[in-house]
Amino acid sequence: MRQSQLFTKTLKEAPKDEKSINSQLLIRGGFIHKEMAGVYSYLPLGLKVLKNIGNIIREEMDNIGGQEIAMTVFQPKHLWEETGRWSKTVGEVMYKCREGNKEIGLGPTHEEMLTDIIRHHVKSYTELPLYIYQIQTKFRKEPRARSGLLRGREFLMKDLYSFHSSEKDFKRYYEIMKKAYSKIFERCGLSAIITEASGSGFTKEYTHEFQVLAPEGEDVIICCPKRDFAQNQEIANTKAGNRCPSCKNILNKARSIEVGNIFPLGVRYSKDMNAYFIDRDGKKKLIIMGSYGIGISRTMGAVVEVHHDEKGIIWPEEIAPFQVHFIQVENTGRVKKTSERLYENLWKGNCEVLYDDRANKTIGEKFADCDLIGIPMRIVVSERTLAKKSVEIKKRNEKKAKLVEIKQLSRFLK
Ligand code: ATP
Ligand code: MG
């Protein structure tokens, strides 16, 4: 796309009330627009990143049998009363509205809703297991929405729910999910530590959080440098300085961001909501469940917290809004002509390229914007590079630039 047509502009300064690095850089780069505390709109660049993360998650969920659905945001009170959560714990963070004499909640999570759907459709063990997910905007009353995308009152989440006929089958899938989550975060450029945590209203057992080390994080974890052991400080039965129970290294304490959380739910919901199946032996039994969340918008914020420098964002390749930021240094003569031709070729060759063709910007301004926006690769055409029949290529995460012959460019990019 031509940057001259991108309607968003970069800003030199972040808004005064934005304190976190992710919201400062994302607002300055024109990725998001703040509506109110914890509520942001996604602009073209930001939406691209959000969709890229969503698509990675979709791929990995589909790979392990996930079926995508879209449930409603409106949730009827009577379902939440079946589990007693309308007023307790989760109910406290739910936005509620009244229609006539009926009350409706805006979905903060969807255990009740999906359990209701499943009990209408599933009757026999032959129909299990099932893995159902959605990617949807969630709403939660967050009193401390001050960390940009890390804590939204309206935010994007992937939530998957699994339904099993035996504890053994559930455990098998729970481990598969851990691997899928690790892969998702890796593809997003994050190294997530699997951390034991509390059930927080969902279950009495330990759950597992995926924690990314970052000073801006609101969580504190006790973890081993080898990452084979980690506990959220809230439930930790050990402390920093002690030895890791598995590898005996010294444990550290660190701030971190919870990007994902998986929950062994057992029969907590199926029991309250009478979700049964007929087993092989002809007996009526409760469906065993798990739920698995990823904060997609929070993941986007976490990536910025982890991958940036004093000039701007450094997007990991798989989630970057574009792969190449192509910069036209001069708006006249053969530099312009070659730039236009190369841009058209890249575009036609399916390269995701943002072309800085703006005539009213200096080269200094273009480079500063390029560093702020953080596309992984910068390509520059100038008189100097054309003298060598080349373009200059620099990766956002490297200091040195190099020349690549124009003839070789498409091969180089592949
Ligand atoms: P937190 O402890 O940070 O409030 P949570 O444990 O209540 O989060 P879960 O119910 O586990 O959140 O939700 C699943 C995932 O959704 C979380 O791991 C996180 O990535 C994301 N998430 C939860 N709350 C928010 C929020 N307010 N803004 C953005 N993402 C969120
Ligand atoms: Mg959680």
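Whatever order the structure lists them in is the order used to number ligands and atoms, beginning at 1. This is a predicted model, so every value here is computed, not measured.
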The Mg ion (ligand 2) and T207: any N/O/S contact shorter than 2.8 Å?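 No N, O or S atom of T207 is closer than 2.8 Å to the Mg ion (ligand 2), so no.
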Is the closest side-chain donor-acceptor distance between [X] and [Y] under 3.5 Å?
| X | Y | value |
| --- | --- | --- |
| E60 | Y181 | no |
| T195 | E209 | no |
| T83 | E111 | no |

Could you say whether the N/O atoms of [X] and ligand 1 ever approach to under 3.5 Å?
| X | answer |
| --- | --- |
| G152 | yes |
| E258 | yes |
| R151 | yes |
| D219 | no |
| L149 | no |

Considering only heavy atoms, does [X] approach ligand 1 within less than 4.0 Å through its side chain, its backbone, both, or neither?
| X | answer |
| --- | --- |
| N261 | both |
| M157 | side chain |
| F263 | side chain |

Please indicate whether E317 has more than 12 foreign heavy atoms, meaning atoms of other residues, nucleotides or ligands, lying under 6.0 Å from its CD. no
If you draw a 6.0 Å radius around CD in E99, do more than 12 non-hydrogen atoms from other residues or ligands fall strictly inside? no
With a distance cut-off below 6.0 Å to the six-membered ring centre and an angular limit of 45° from the axis, does R378 pair with F367 as a cation-pi contact? yes
By atom name, which N, O or S atom of E258 is the nearest to the Mg ion (ligand 2)?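 Checking each N, O and S atom of E258, the shortest distance to the Mg ion (ligand 2) belongs to OE2.
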